[in-house]
Number of protein chains: 2
Amino acid sequence: MAILRPSITTGPDHNISDVPSVVIQRLPLYVRVLAYFEGNEYEMVSSEQLAGRLQMTPAQIRKDLSYFGKFGKQGRGYNVKRLAAELRRILGLDRSWNACLVGVGRLGRAIISYPGFQPEGFRVVAAFDADSALIGSEVGELKVDPLGDIPVKVRRLNIRIGIVAVPAQHAQGVIDRLVDAGIRAILNYAPIAAQVPPNVRVANIDPVLGLQSMTYYLKNARG
Amino acid sequence: MAILRPSITTGPDHNISDVPSVVIQRLPLYVRVLAYFEGNEYEMVSSEQLAGRLQMTPAQIRKDLSYFGKFGKQGRGYNVKRLAAELRRILGLDRSWNACLVGVGRLGRAIISYPGFQPEGFRVVAAFDADSALIGSEVGELKVDPLGDIPVKVRRLNIRIGIVAVPAQHAQGVIDRLVDAGIRAILNYAPIAAQVPPNVRVANIDPVLGLQSMTYYLKNARG
DNA sequence: ATACGCTTGTGATATAAATCACGGCCGGCG
DNA sequence: CGCCGGCCGTGATTTATATCACAAGCGTAT
């Protein structure tokens, strides 16, 4: 059974650790469900309880966790706070990360004002655009800079993540510039299959792809 | 190697046809790449060329296509127009689909004005919100209706797809109402693992999940 | 005509991922 | 203080997915 999970791409075969990337992609889900249980005053949870809320099997959760250590107690389950903290540490969510946005059109502006990044420790600290009419203008709290400033700003502001919100035909070029500037993680909203070196990760956000495969099932549904 | 692909969920084990859902989820990618080749005046393409642009192996593409028929010619490859048309037909993209939006906050408004759905045949034809202050107001070209109107509007406007853009704590409730109204495909922007019956598909859009797994690699990167 | 280079379609094979199933510990209870 | 219900951690197994590799067909060139 498929499970809620983002789509992450890299260049040709590349896994730093020996932990399957499909496991890494599930960890944030566990963090999120643990936050739910924490909010509901649970002290301990079993793999069964976690699995229930994610529609997966308890065994898979236990196996996933076992890649990183032994966090549970037999007969008792997992300490909610402890496991959440461990997973956050493993994922690097115990610190904050700076990102830059490329493309401040309609979509880019929506991304800048999206309130979901901040509380998770992601901060958009720079914005770039190719359109000279936009450069210098204020978007949110940010001044829009030209693409040429990417390398300098990335270095100066310790930006590790690039968010791409430009039209499809410009996306690959922008991604190349980000990679050249040392960016190794890209959140890509453009509808393209980006080509990147093996040590760069790309997470694609593409609502249309989701819709386009669901219509297959709608068309063939009985009832 | 992971590939650009949306995350689709259902209720407990449910596959209408015997075509693996991972294959279905790749078909829209093929459609998109074919559109690219069509735009560049190619008449024929090989599985190798398609694979190159998607960073996958030619064999996988051929095998995926073989679930649905024989569309190629040995020694020549695939006719771009023909294959694109076949895949669109298989996916049900040769018609248009009506969707409704639930939640017309900041995110919902961005979705309504997102220009990427229309050209692919997806039309947002109704908008709902729980906030009585918003009901009756105009958003885009749509009047905002109360949640109670969902069943009637879904039937009357032949809405097959629900787009959920409400805060996490209300998302499951909204999804339940959509399912009750007969919706079988949901595009979910809320950060939850929705619980739905087996015959309902959910495509999740969640930029934070993508970021949260990339930080693992950033943290552990060498160079 | 026939030979050749190219590329499909697909069984067979290899790899990856998920699940099973059980030994072992935990803590509570009698 | 020993027994018991519960649940973890994990090797073994099953299932799913991807790749290989090759016979067969197409079109061109000679």
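By convention in this document, chain letters (A, B, ...) are assigned in the order of the sequence lines, proteins followed by strands, and residues within each chain are numbered from 1.
Contacts between residues 80-91 of chain A and DNA chain D, defined by a heavy-atom separation under 4.0 Å, are absent.
Residues passing the salt bridge (charged side-chain N to carboxylate O under 4.0 Å, His left out) test with A/Glu86 are A/Arg82, A/Arg89, sequence neighbours excluded. Under the rule for a side-chain contact (heavy atoms from CB on, under 4.5 Å), the partners of B/Thr57 that lie at least two apart in sequence or sit in another chain are B/Ala59, B/Gln60. Among residues two or more places apart in sequence or in another chain, the side-chain contact (heavy atoms from CB on, under 4.5 Å) test is passed with B/Lys73 by B/Arg76. In terms of the side-chain contact (heavy atoms from CB on, under 4.5 Å) criterion, residue partners of B/Ala84 (sequence neighbours excluded) are, by chain and number, B/Leu34, B/Glu38, B/Arg88.
For A/Asn79 and D/dC8, the CG to C1' distance is 15 Å, given to the nearest whole Å. The nearest whole Å value for the distance from the CD atom in B/Gln49 to the C1' atom in C/dT7 is 11 Å. Put simply, CG on A/Asp18 is 16 Å from C1' on C/dT15, counting in whole angstrom units. Distance A/Gln60 CD to D/dC8 C1': 16 Å, rounded to the nearest Å. Distance B/Met56 CE to C/dT15 C1': 16 Å, rounded to the nearest Å. With rounding to whole Å, A/Gln25 atom CD is found 11 Å from C/dA18 atom P.
One finds a side-chain N or O of B/Thr57 lying less than 4.0 angstrom from the OP1 or OP2 phosphate oxygen of D/dT19.
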Atom pairs, protein N/O to nucleotides 8-11 of chain C N/O, distance under 3.5 Å:
from	atom 1	to	atom 2	distance (Å)
C/dT8	OP1	B/Ser47	N	2.6
C/dT8	OP2	B/Ser47	OG	2.7
C/dG9	OP1	B/Phe71	N	3.0
C/dG9	OP1	B/Gly72	N	2.9
C/dG9	OP2	B/Tyr78	OH	2.7
C/dG9	N7	B/Arg62	NE	2.8
C/dG9	O6	B/Arg62	NH2	2.9
C/dT10	OP1	B/Lys70	NZ	3.4
C/dG11	O6	B/Lys63	NZ	3.4

